[in-house]
Amino acid sequence: MRLDNKFFETDVLQVAPMLLGKTLVRTFSDGSEFRAVITETEAYRGEEDLACHASKGKTPRTEVLYAAGGKVYVYLIYGMYWLLNIVTGPKDFPQGVLIRSLDKVQGPGRVGKQLQLDKSFYGENLATSHRLWVEDIGYQCTYTAYQRIGVDYAGIWKNKLWRFVC
DNA sequence: GTAAGGATTGGC
DNA sequence: CCAATCCTTACT
């Protein structure tokens, strides 16, 4: 069954590991469908988390992070790759989960490429979208927590074990 | 207005 | 090791 907003309105440190084993579904305009199991996620939590984009405050780019959970946050990195994030938590508590890998696609940049993401997905509602959502197929995998990738600039926050891998 | 740099990847 | 490539943010 499709995950609803309720699922995503929980704290990101709960949602990020719970997403492992869930199925990501993307339908394309030609009618085809892509399904893959989420195998790696990363949590970004609050304005005080220097690795979180919301650490710079509310801007046009980070605005959706302040919404209640269940929305999509996409952004272009290095001018080349659209990274997929899911906003979590209550309204006005900026946090989100980066989808780093699927069973069939490893690497956040590759996930965005496979799903053919672009800026039109910014703010997409996963509970009602007809082209992108997450399903619970009754499977929860065991996981291990690691430090996040590529956030060496984040001071003490880089040491948080907020990356979850199946 | 201008410049610096990034939650990455693939190619040299 | 480093270029690709462009948007966001910070600063003059």
Side-chain angles (χ1 to χ4, degrees), chain A residues 3 7-24 26 34 36-90 92-126 129 132-134 141 143-166:
Chain A
L3 295 179
F7 178 90
F8 297 109
E9 284 169 17
T10 312
D11 191 276
V12 68
L13 294 180
Q14 288 235 296
V15 177
M18 281 180 67
L19 276 175
L20 299 172
K22 300 290 187 289
T23 299
L24 186 66
R26 163 81 160 105
F34 175 82
V37 176
I38 297 172
T39 57
E40 183 177 2
T41 60
E42 230 170 54
Y44 290 88
R45 186 174 187 274
E47 292 185 339
E48 52 181 10
D49 174 7
L50 295 179
C52 182
H53 287 169
S55 63
K56 288 169 182 165
K58 203 172 193 175
T59 66
R61 181 208 203 187
T62 62
E63 189 176 16
V64 76
L65 287 172
Y66 291 76
K71 298 271 180 55
V72 171
Y73 168 49
V74 289
Y75 70 94
L76 188 65
I77 188 68
Y78 302 126
M80 302 191 79
Y81 302 100
W82 288 95
L83 301 204
L84 173 63
N85 300 251
I86 299 175
V87 178
T88 63
D92 295 325
F93 185 173
Q95 43 175 253
V97 182
L98 168 65
I99 306 299
R100 291 194 63 89
S101 290
L102 307 174
D103 57 350
K104 299 171 185 168
V105 190
Q106 290 164 31
R110 289 171 170 176
V111 169
K113 185 176 171 188
Q114 173 71 43
L115 299 178
Q116 295 177 32
L117 300 181
D118 58 56
K119 62 176 179 248
S120 75
F121 281 85
Y122 186 92
E124 188 97 349
N125 189 333
L126 290 174
S129 174
L132 184 66
W133 65 89
V134 183
C141 63
Y143 64 88
T144 311
Y146 300 91
Q147 289 184 203
R148 294 176 292 180
I149 301 287
V151 295
D152 288 348
Y153 60 83
I156 62 165
W157 298 94
K158 77 178 184 197
N159 300 318
K160 298 286 182 186
L161 301 178
W162 287 356
R163 180 164 61 100
F164 307 95
V165 184
C166 276

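Here the structure is a predicted model, which is why all the values come from computation and not from measurement.
- Straight-line distance from the CG atom of A:Leu84 to the C1' atom of B:dT8: 15 Å, rounded to whole Å.
- For the pair A:Arg100 and A:Val111, the minimum side-chain heavy-atom distance is 4.5 Å or more.
- OP1 or OP2 of B:dT8 sits under 4.0 Å from a side-chain N or O of A:Arg100.
- A:Leu19 and A:Ile86 get closest at one heavy-atom pair: CD1-CD1, 4.2 Å.
- Taking a cutoff of 4.0 Å between a charged side-chain nitrogen and a carboxylate oxygen, A:Arg148 and A:Glu42 do not qualify as a salt bridge.
- Considering only side-chain atoms of A:Tyr81, the nucleotide from C:dT9, B:dA7, B:dG10 that sits closest is B:dG10.
- Taking a pair as Watson-Crick or G-U wobble with both distances under 3.5 Å, DNA chain B forms stems of 3 or more consecutive pairs at B:1-6 with C:6-11, B:8-11 with C:1-4.
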Can A:Leu3 and A:Lys22 be said to form a side chain to side chain contact (heavy atoms under 4.5 Å, CB included), step by step? CA-CA 9 Å; A:Leu3 295 179; A:Lys22 300 290 187 289; 4.2 Å; yes
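- Going from atom OH of A:Tyr146 over to atom C1' of B:dA7 covers 19 Å, rounded to whole Å.
- Stacking is not found between A:Tyr78 and the pyrimidine-like six-membered ring of the B:dG6 base under the 5.5 Å centre-distance and 30° plane-angle cut-offs.
- Rounded to whole Å, atom C1' of B:dG5 lies 13 Å from atom OH of A:Tyr75.
- One interatomic measurement links the two molecules: OH of A:Tyr153 to C1' of B:dA7, which rounds to 6 Å at whole-angstrom precision.
- Remark: P of B:dG6 and CG of A:Leu50 are 14 Å apart, rounded to the nearest angstrom.
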List the steps and the verdict of side chain to side chain contact (heavy atoms under 4.5 Å, CB included) for A:Val105 and A:Phe34. CA-CA 11 Å; A:Val105 190; A:Phe34 175 82; 4.0 Å; yes
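- Checking C:dC7, B:dT9, B:dA7 against every side-chain atom of A:Ile77, the shortest atom distance belongs to B:dA7.
- Distances were taken from every side-chain heavy atom of A:Met80 (C-beta onward) to each of B:dT9, C:dA4, C:dT9; the shortest belongs to C:dA4.
- Counting any heavy atom pair closer than 4.0 Å across all strands shown, A:Arg148 reaches no nucleic acid atom.
- Nucleotides C:dA3 and B:dA4 are separated by 15 Å at their P atoms, to the nearest Å.
- Distance A:Arg61 CZ to C:dA10 C1': 13 Å, rounded to the nearest Å.
- Judged purely by distance below 3.5 Å, without hydrogens or angles, the side chains of A:Gln106 and A:Ser101 never pair a donor atom with an acceptor atom.
- As judged by a 4.0 angstrom heavy-atom cut-off over every strand, A:Gly109 is placed among residues touching the sugar-phosphate backbone only.
- Below 30°, between 30° and 60°, or above 60°: for A:His53 and A:Tyr73 the angle between ring planes is above 60°, a perpendicular geometry.
- Atom CH2 in A:Trp82 sits roughly 19 Å away from atom P in B:dG6 (whole-Å rounding).
- Atom pair A:Ile149:CD1 and B:dA7:P shows a separation of 13 Å (rounding to whole Å applied).
- Checking A:Gly150 against A:Arg110, the closest nucleotide of DNA chain B that is more toward the 5' end is the one next to A:Gly150.
- The closest donor-acceptor contact from the side chain of A:Thr62 to the backbone of A:Leu65 lies at 3.5 Å or more, if one exists at all.
- With B:dA7, C:dT9, B:dT9 as the candidates, the nucleotide lying closest to the side chain of A:Leu83 is B:dA7.
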